[in-house]
Amino acid sequence: MPHQHFGNADSAITIDLDAIIANWRYIDGLSASTTKTAAVVKANGYGLGSCMVATALARAGCELFFVASLAEAIELRTAFQQTGHCELPIMVLHGIQRGQEADFTAHHLEPVLNDLEQISRWRLYAAKTGLTLPALLHFDTGMNRLGLDTDQADWLIQNREALNSLKLTYVMSHLVSGELIDDPVNARQLTSFNRFHRSFSTIPASIANSAGSLLGSDYHFSMTRPGIALYGIHPLEDLDTPLQPAFEWQ
């Protein structure tokens, strides 16, 4: 696959799609065959072109993609439709905002549900349309940014009917300091996530971002979600891995 070049008379960025694919395959090889390796291509693929990167990874066998917002998701869905990858799941990390319901269903997108309001919004739309709608359920185990906090999670566990008409594809969380190998926060988050997951034990689970993907099998569950590592930037203190630099600025 050729390199992609972008720039002007003064500077240029060369993006090595083969290196990105090699990095994805390396991370994919760290986990069991039962664990899927998604690709996080939010923020326009960390500035390198989300549609170009995702399409290359789709051709290489990646089946799951994460973006941040609805706008990013629609752009990626359009690109997938043009390249023959129409059915690949696209998950939206910021979840579903008011008034976005019809766009999510029209473009076959899966929201990451981060709080009870988003759960209610998506469930009510499912009931209104008579559809069973897919979603991921996000538990906050320490990030304090997105996801159900402990009180909301405990309420939901006691009131499972709040998820009626929704098909949960994954339950997930996000590591705060996975890049610090010996940080005890990682183990605490894993314990907290396992507690939540026990209440949804039939649903596939995911906690590993780039750093979590490299921390070991305890963090792999059913899906890892590498982002920055795909582009050759090592998130851990230990830099001794075969991740390849994926871009060059001249």
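Hydrogens, waters and symmetry mates play no part in the numbers below; they use all other heavy atoms, side chains included. In this text the structure is predicted, and so the values were computed from the model without any measurement.
A 4.5 Å side-chain heavy-atom check between L113 and L166 finds at least one atom pair inside the cut-off. In this structure, F196 and L137 have side chains that are not in contact, with every pair of non-hydrogen atoms separated by 4.5 Å or more. Looking only at side-chain heavy atoms (C-beta outward), L214 and Y26 come within less than 4.5 Å of each other. Residues T105 and T129 form no side-chain contact, since every pair of their non-hydrogen atoms from C-beta on lies 4.5 Å or further apart. You'll find the side chain of S50 reaches within 4.5 Å of the side chain of N44, heavy atoms only. Taking 4.5 Å as the limit, every side-chain heavy atom of V112 sits out of range of all side-chain heavy atoms of Y170.
Using a 4.0 Å cut-off between a side-chain N of Lys or Arg and a carboxylate O of Asp or Glu, D154 and R195 qualify as a salt bridge.
At least one donor-acceptor pair under 3.5 Å links the side chain of R121 to the backbone N or O of I96. The backbone N or O of L93 lies less than 3.5 Å from a partner atom in the side chain of N114, making a donor-acceptor pair. Using a distance-only test at 3.5 Å, with no hydrogens or angles considered, no donor-acceptor pair links the side chain of Q158 to the main chain of L156. For S120 (side chain) and L116 (main-chain N/O), no donor-acceptor pair under 3.5 Å exists by modelled atom type. Without hydrogens or angle criteria, T55 side chain to C51 main chain gives a donor-acceptor distance under 3.5 Å. At distances below 3.5 Å, at least one donor-acceptor pair connects side-chain atoms of N23 with backbone N or O atoms of Q244. At least one donor-acceptor pair under 3.5 Å links the side chain of W122 to the backbone N or O of P134. Counting only distance, with no hydrogens or angles, the side chain of T35 and the backbone of F221 share a donor-acceptor pair below 3.5 Å. Judged by distance alone, with hydrogens and angles left aside, the side-chain atoms of Q189 form a donor-acceptor pair with the main-chain N or O of V176 at under 3.5 Å. Under a 3.5 Å cut-off, the side chain of H220 and the backbone N or O of S213 do form a donor-acceptor pair.
Closest heavy-atom contact between L88 and A58: CD1-CB, 3.6 Å. Counting all heavy atoms, side chain and backbone alike, A68 lies closest to V92 at O-CG1, 3.4 Å. Looking at every heavy atom in both residues, I27 comes nearest to L230 through CD1-CD2, 4.3 Å. E110 and T169 make their closest contact through OE1-OG1, 2.9 Å (heavy atoms, listed as atom of the first residue, atom of the second, distance). The two atoms that bring S210 and A229 nearest to each other are OG-N, 3.1 Å, heavy atoms only. The shortest non-hydrogen separation linking H197 to I203 is NE2-O, 2.9 Å.
Summarising the geometry, atom CG belonging to D16 is positioned 9.0 Å from atom CD1 belonging to I21; distances are rounded to the nearest 0.5 Å. L76 CG to F66 CZ: the interatomic distance, rounded to the nearest 0.5 Å, is 12.5 Å. Atoms CE and CG, from M172 and N209 in turn, are 9.5 Å apart once rounded to the nearest 0.5 Å.
The aromatic rings of F80 and F65 sit perpendicular to each other, their planes meeting at more than 60°, with 30° as the lower class boundary.
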Is there a side chain to side chain contact (heavy atoms under 4.5 Å, CB included) between M52 and L17 once you walk through the steps? CA-CA 9 Å; M52 178 182 66; L17 294 174; 3.9 Å; yes

I20 and Y231: CA distance, side-chain angles, deciding distance, side chain to side chain contact (heavy atoms under 4.5 Å, CB included) verdict: CA-CA 6 Å; I20 293 173; Y231 311 99; 3.9 Å; yes

Run the side chain to side chain contact (heavy atoms under 4.5 Å, CB included) test on T83 and R59 for me, step by step, so that the C-alpha distance in whole Å, both residues' side-chain angles and the decisive distance to 0.1 Å come before the verdict. CA-CA 9 Å; T83 55; R59 291 194 184 110; 4.2 Å; yes

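Counting only N and O atoms by type, the side chains of T141 and S173 include a donor and acceptor under 3.5 Å apart.
Remark: R160 engages no residue in a side-chain hydrogen bond (donor to acceptor under 3.5 Å, both in side chains) (not counting sequence neighbours).
Legend: salt bridge (Lys or Arg N to Asp or Glu O under 4.0 Å) pairs involving residues 60-79, not counting sequence neighbours, sorted by first then second residue: K36-E63.
Taking the six-membered ring for Trp and the full ring otherwise, Y125 and F104 have centroids separated by 6.0 Å or more.
No continuous path of hydrophobic side-chain contacts links L146 to V41 [ILVMFWY only; heavy atoms under 4.5 Å]. The cluster map of Ile, Leu, Val, Met, Phe, Trp and Tyr, joined by side-chain heavy atoms under 4.5 Å apart, puts W155 and L124 in different clusters.
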